[in-house]
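In what follows, a structure is listed as structure tokens, so that the remarks can point back to it.
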Amino acid sequence: MFRSIFIALSESKSLRSFAERSRIGRRLSSRFVAGMTVDEALTATAAINRLGMAVSIDNLGENVTNTDEARESAALYHELLDEIAERKLNANVSMKLTHMGLDVDEKLSREITDELVAHAARRQSFVRVDMEGSPYTQKTLDVVRELHRCDGNASHVGAVIQSYLYRSEADVNALCAERIRIRLCKGAYKEPPEIAFQKKEDVNANFVKLMKILLKSGTYHGIATHDPKMIDATIAFAKAEKIASDKFEFQMLYGIRRDLQVKLVKEGWRMRVYIPFGTEWYPYLMRRLAERPANAIFILKNVLRR
Ligand SMILES: Cc1cc2nc3c(=O)[nH]c(=O)nc-3n(C[C@H](O)[C@H](O)[C@H](O)COP(=O)(O)OP(=O)(O)OC[C@H]3O[C@@H](n4cnc5c(N)ncnc54)[C@H](O)[C@@H]3O)c2cc1C
């Protein structure tokens with residue numbers, strides 16, 4: 001029930017507008033969002049790097065409604081790629097196609113993403129194209145495939161697969177055949193039973209199944225989860241199959257299970273922390289609360305304590 005409430009709240013335009021402008025809203029978000037500016041995101045990145053972890057930086061934003069906004073979003077990612085290189089940070093970027101104008105002008109969003117990946121290639125970096133709700137699944141995978149095929153791009157762009165979708169096994173096999181790097185996650189949107197598993201145990205079973213395909217594929221993939229059961233299953237499989245710890249990485253979100261992030265690094269596993277930043281934090285925070293409503297109490301306690 002709580003999951004549905006927070007997912008519904010994530011779509012409320014009026015609440016979003018109020019929350020993103022208010023000081024209290026910004027304070028509420030600070031546990032999971034690393035600040036509002038590029039500089040704050042880069043400072044957080046440097047701190048995570050010092051803990052022995054890599055980073056993927058995400059400028060929060062989705063579903064822009066005009067081409068100027070799309071171009072502005074892209075400019076900020078270009079700045080990020082340059083700053084990451086200049087400051088010699090161990091980081092890449094994650095972005096959403098609807099932030100680059102997919103809803104407004106599909107051709108433009110492809111051109112923008114193409115330029116970003118070309119820039120990442122020049123900077124020896126990497127662009128992870130996040131996966132959004134199911135209306136965008138096919139388009140997103142098509143874009144990643146197209147970009148991956150362009151000369152010089154192959155090791156600089158990757159996709160995301162959600163284990164709650166029935167189609168994901170076929171997608172994983174197709175992407176692996178093209179040696180496209182994948183981030184595997186459970187999926188953060190509300191999807192109908194016609195296309196997605198509804199029970200946690202089914203989503204988890206599919207996650208484990210897909211994780212095994214990824215680890216055996218020989219391409220460097222990301223296993224993105226905070227779920228100790230998924231992490232244990234991944235470690236057990238890697239050990240049983242003698243897959244070295246530098247052949248894949250775990251990924252977790254900024255501010256979530258920091259204890260587990262540190263523990264895994266100490267045990268010799270690779271960890272990449274996804275660092276979101278920017279003023280458009282509201283839908284992101286609501287999706288995190290949908291995953292774990294207990295975090296709402298935790299965040300409120302933190303704000304009251306300050
Ligand atoms: C690096 C990264 C990138 C992602 N990119 C995408 C994407 O592109 N598209 C997309 O749809 N989704 C994305 N997600 C979100 C993902 O799909 C899940 O919604 C999210 O990770 C929660 O699932 P979980 O695997 O952590 O386990 P869950 O089943 O949600 O939780 C299992 C256990 O994990 C722990 N846990 C989970 N969440 C929290 C929390 N907030 N606080 C404390 N403990 C927690 C708890 O112990 C919980 O019992 C991404 C997640 C990560 C980590």
Side-chain angles (χ1 to χ4, degrees), residues 2-3 6-7 10 29 31-34 48 53-62 91-99 126-137 140-141 143-144 157-165 167-168 171 181-191 195-208 210-211 221-234 248-261 263-264 270-276 283-299 302:
F2 282 116
R3 177 172 153 83
F6 281 116
I7 296 260
S10 78
S29 68
R31 169 67 196 239
F32 298 114
V33 176
I48 298 284
M53 303 179 205
V55 165
S56 193
I57 307 180
D58 169 44
N59 175 220
L60 290 167
E62 46 202 78
N92 61 33
V93 296
S94 289
M95 47 76 83
K96 291 182 174 51
L97 288 182
T98 65
H99 197 192
F126 181 83
V127 176
R128 176 77 62 185
V129 183
D130 283 346
M131 188 53 80
E132 303 179 65
S134 56
Y136 303 105
T137 310
T140 306
L141 294 180
V143 169
V144 174
V157 63
V160 176
I161 291 289
Q162 300 150 323
S163 75
Y164 61 21
L165 292 184
R167 60 174 285 166
S168 287
D171 287 334
R181 283 168 61 177
I182 294 172
R183 171 200 295 150
L184 175 64
C185 64
K186 291 188 188 178
Y189 300 83
K190 188 156 176 55
E191 301 291 0
I195 60 165
F197 296 108
Q198 304 295 306
K199 290 190 193 145
K200 247 182 188 303
E201 55 268 32
D202 293 336
V203 177
N204 290 350
N206 202 37
F207 189 101
V208 173
L210 301 181
M211 171 275 288
H221 299 296
I223 307 297
T225 179
H226 316 94
D227 188 340
K229 281 196 233 113
M230 301 300 104
I231 292 166
D232 289 349
T234 306
F248 69 97
E249 64 187 25
F250 286 109
Q251 299 185 354
M252 291 194 198
L253 302 176
Y254 179 77
I256 298 184
R257 290 308 310 266
R258 292 186 285 202
D259 54 337
L260 189 52
Q261 295 174 12
K263 179 173 170 279
L264 287 167
R270 288 191 170 190
M271 174 65 62
R272 185 178 299 276
V273 177
Y274 181 103
I275 294 195
Y284 176 85
L285 181 67
M286 289 302 131
R287 287 199 291 272
R288 301 292 78 80
L289 295 180
E291 281 150 20
R292 197 161 183 262
N295 275 331
I297 298 163
F298 172 78
I299 288 177
N302 271 3

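When a ligand or atom number is given, it counts from 1 through the structure's own listing order.
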>> For a quick test of reading the model, state the closest non-hydrogen atom pair linking E191 to A196 and the distance between them.
In response: CB-CB, 3.6 Å
> Against heavy atoms of D130, which atoms of ligand 1 measure under 4.0 Å?
Replying inline: 8 (O)
> So L165 and I195, side-chain contact (heavy atoms from CB on, under 4.5 Å) or not? Walk me through it.
Replying inline: CA-CA 6 Å; L165 292 184; I195 60 165; 4.2 Å; yes
>> V129 vs M95, test: side-chain contact (heavy atoms from CB on, under 4.5 Å). Steps then yes/no.
In response: CA-CA 5 Å; V129 183; M95 47 76 83; 4.0 Å; yes
> So D259 and R257, salt bridge (Lys or Arg N to Asp or Glu O under 4.0 Å) or not? Walk me through it.
Replying inline: CA-CA 5 Å; D259 54 337; R257 290 308 310 266; 3.1 Å; yes
> Side chain of E132, backbone of L97: donor and acceptor closer than 3.5 Å?
Replying inline: yes
>> Going by the closest heavy atom to atom 25 (O) of ligand 1, which one wins out of I275, V203, T225?
In response: T225
> Does at least one non-hydrogen atom of R288 fall below 4.0 angstrom from an atom of ligand 1?
Replying inline: yes
> Under a 4.0 Å heavy-atom limit, does D227 contact ligand 1 with its side chain, its backbone, both, or neither?
Replying inline: both
>> Could you report the tightest heavy-atom contact between R183 and Q251, atom names first, then the distance?
In response: NE-OE1, 2.8 Å
> Counting each atom of ligand 1 from 1 as listed, which ones have a heavy atom of K200 under 4.0 Å away?
Replying inline: 28 (P), 29 (O)
>> Quick test of your reading of the structure: of M131, K96, Q251, whose heavy atom lies closest to atom 7 (C) of ligand 1?
In response: M131
> Which is it for F207 and D227 under the side-chain contact (heavy atoms from CB on, under 4.5 Å) test, yes or no, and what are the steps along the way?
Replying inline: CA-CA 11 Å; F207 189 101; D227 188 340; over 6 Å; no
> Any protein heavy atom lying closer than 4.0 Å to atom 44 (N) of ligand 1?
Replying inline: yes
> For ligand 1, which atoms, with element, lie under 4.0 Å from some heavy atom of Q162?
Replying inline: 9 (N), 10 (C), 11 (O)
>> So, 4.0 Å and heavy atoms of R272: is ligand 1 close enough to count as a contact?
In response: no
>> Cation-pi check for Y274 against R272: NZ or CZ below 6.0 Å from the six-membered ring centre and within 45 degrees of the axis, yes or no?
In response: no
>> I need the atoms of ligand 1 closer than 4.0 Å to a non-hydrogen atom of Y189, numbered in the order shown.
In response: 11 (O)
> Considering only heavy atoms, which of R128, H226, E191, M252 lies nearest to atom 35 (C) of ligand 1?
Replying inline: H226
> Of all the atoms in ligand 1, which lie at a distance below 4.0 Å from a heavy atom belonging to Y274?
Replying inline: 1 (C), 3 (C)
> Within the structure, does at least one protein heavy atom fall under 4.0 Å of atom 4 (C) of ligand 1?
Replying inline: yes
>> Which residue is it: M252, H226, K263? I am looking for the one with a side chain to side chain contact (heavy atoms under 4.5 Å, CB included) to I231.
In response: M252
>> Determine whether I223 and M230 satisfy the following criterion, side-chain contact (heavy atoms from CB on, under 4.5 Å), listing intermediate values before the conclusion.
In response: CA-CA 9 Å; I223 307 297; M230 301 300 104; 5.9 Å; no
> Does K186, backbone or side chain, put an N or O under 3.5 Å from an N or O of ligand 1?
Replying inline: yes
>> How far is atom 42 (N) of ligand 1 from the closest protein heavy atom, and which atom is that?
In response: N295 ND2, 3.1 Å
> For atom 18 (C) of ligand 1, what's the nearest protein heavy atom and its distance?
Replying inline: E291 OE2, 3.6 Å
> What atoms of ligand 1 come closer than 4.0 angstrom to any heavy atom of G187?
Replying inline: 11 (O), 16 (C), 17 (O), 19 (O)
> What is the closest protein heavy atom to atom 52 (C) of ligand 1, and at what distance does it sit?
Replying inline: L253 CD2, 3.4 Å
> Could you give the distance from OG (S168) to CZ (F197), rounded to the nearest 0.5 Å?
Replying inline: 8.5 Å
>> Can you report which non-hydrogen protein atom sits closest to atom 13 (C) of ligand 1, along with the distance?
In response: C185 SG, 3.5 Å
>> Could you tell me if the side chain of M131 sits less than 4.5 Å from the side chain of T137, heavy atoms only?
In response: yes
> Hey, is ligand 1 close enough to A188 that some N/O pair sits below 3.5 Å?
Replying inline: yes
>> At under 4.0 Å between heavy atoms, is it the side chain or the backbone of R183 that contacts ligand 1, or both, or neither?
In response: side chain
> Side chains of K186 and N204: is there a donor and an acceptor less than 3.5 Å apart?
Replying inline: yes
> What's the shortest distance from atom 46 (C) of ligand 1 to any protein heavy atom, and which residue and atom give it?
Replying inline: R292 NE, 4.3 Å
